[in-house]
There are 2 protein chains.
Amino acid sequence: MYSKELLKGTLKTIILKLLSENGRMYGYQITQKVKEITEGKINLTEGALYPALHKLEADGLLMTEKEVVGNRVRKYYKLTQTGNSKATEMVDELKQFIETLKAIMNVAPQNLSWSV
Amino acid sequence: MYSKELLKGTLKTIILKLLSENGRMYGYQITQKVKEITEGKINLTEGALYPALHKLEADGLLMTEKEVVGNRVRKYYKLTQTGNSKATEMVDELKQFIETLKAIMNVAPQNLSWSV
DNA sequence: AATGTATACATAATTTTCTTATGTATATAA
DNA sequence: TTATATACATAAGAAAATTATGTATACATT
């Protein structure tokens, strides 16, 4: 498990990315999918996930469908049209940010600018 | 410029990494160095940087040296021994986290598990 | 002389976004 | 009946940023 604070700022992008691939998903399914893909290294907590989903819905990026499975109500989320383009945008930005971060993390140790 | 929220959670690691390479740096220099390495894509604000530096010092990861340059006092930060090992640790964790994020961002579109 | 920009530090108010804890409820296995 | 898994939700609190502001020096431009 990673230090929790690394996840900050990336949660919404992760949600949008998963929905853009899977069409529709419900909350618990998202937590399980993330656990699966990351081999348990990222564990989405409900206290982070549900408020994020509600925020994305309130912002018009997601829409919901309720479905009764067994004796329970599941709430499926899927991207709206706006959400779809926003997903592409945010995923692209995150990918670029990742490259930028790598640039920082891999700068050569010591300043070699004086060497010939 | 990236959406600001992406930086969340990575600032301290960036600071520690830069200090582990450059020996010692002062605040303003750190902002300029980040701007340079990232080609302006990441812009550290003072409101984020200085509190982070103070926190790292309070936690014993950084120590300071004041130096008068011209007519101004510069405050140089450098890693303590604890800070040094912590830097390595946090950089490693961030690198792994980056790989995990990439795994999420690059999962194949659509679920192909039914295909032979 | 005044204005703007760069350098250099700092902090306060506010907002965002998490963590942690808690609550409700069904289903199943031990 | 107890624990675990499934499934949702929210409230209290903490952490970490943004935005705004303040101080001060130095230099270039108007």
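Every chain is numbered from 1, with letters handed out A, B, ... down the list of sequences.
- The nearest whole Å value for the distance from the CG atom in Leu53(A) to the P atom in dC18(C) is 11 Å.
- Every residue meeting the side chain to side chain contact (heavy atoms under 4.5 Å, CB included) condition with Gln32(A), not counting sequence neighbours, appears here in chain and number order: Tyr28(A), Lys35(A).
- Rounded to an integer number of Å, the gap from CE of Met25(A) to C1' of dC8(D) is 16 Å.
- Partners of Asp59(A) according to the side chain to side chain contact (heavy atoms under 4.5 Å, CB included) rule, which considers only residues two or more places apart in sequence or in another chain, are Lys55(A), Leu61(A).
- Residues Leu16(A) and Leu62(A) form a side-chain contact, since some pair of their non-hydrogen atoms from C-beta on lies under 4.5 Å apart.
- Residues satisfying the side chain to side chain contact (heavy atoms under 4.5 Å, CB included) test with Met63(B), not counting sequence neighbours, are Lys78(B), Thr80(B).
- The separation between Leu49(B) atom CG and dA10(C) atom P is 9 Å, rounded to whole Å.
- When the P atom of dA5(D) is taken as reference, atom CD of Glu36(A) falls 16 Å away, rounded to whole Å.
- Against DNA chain C, the stretch residues 59-77 of chain B makes heavy-atom approaches under 4.0 Å through Arg72(B), Arg74(B), Lys75(B), Tyr77(B).
- Residue contacts for Gly27(B): at a heavy-atom cut-off of 4.0 Å it reaches the sugar-phosphate backbone alone, with no base atom in range.
- The side chain of Tyr26(B) places an N or O atom within less than 4.0 Å of a non-bridging phosphate oxygen (OP1 or OP2) of dA8(C).
- Per the geometry, CG belonging to Leu11(A) stands 16 Å off C1' belonging to dA16(D), to the nearest Å.
- A 4.5 Å side-chain heavy-atom check between His54(B) and Tyr50(B) finds at least one atom pair inside the cut-off.
- The shortest distance between the side-chain N/O atoms of His54(A) and the OP1/OP2 oxygens of dC8(D) is not below 4.0 Å.
- For Arg72(A), the salt bridge (Lys or Arg N to Asp or Glu O under 4.0 Å) test picks out no residue, with sequence neighbours left out.
- Among the nucleotides dT19(C), dT18(D), dT11(C), the one closest to the side chain of Ala48(B) is dT18(D).
- Atom CG of Asn43(B) and atom C1' of dT19(D) are 13 Å apart (whole Å).
- Put simply, Tyr50(A) has a side-chain N or O that comes within less than 4.0 Å of OP1 or OP2 on dC8(D).
- The phosphate of dT17(C) has OP1 or OP2 within less than 4.0 Å of a side-chain N or O from Lys12(A).
- Residue contacts for Glu46(A): at a heavy-atom cut-off of 4.0 Å it reaches a base atom on one of the strands shown.
- One atom, CG of Leu56(B), and another, C1' of dA17(D), lie 14 Å apart when rounded to the nearest Å.
- Remark: Glu89(B) engages Lys86(B) in a salt bridge (Lys or Arg N to Asp or Glu O under 4.0 Å) (not counting sequence neighbours).
- Atoms NZ (Lys33(B)) and C1' (dA8(C)) sit 19 Å apart, rounded to a whole Å.
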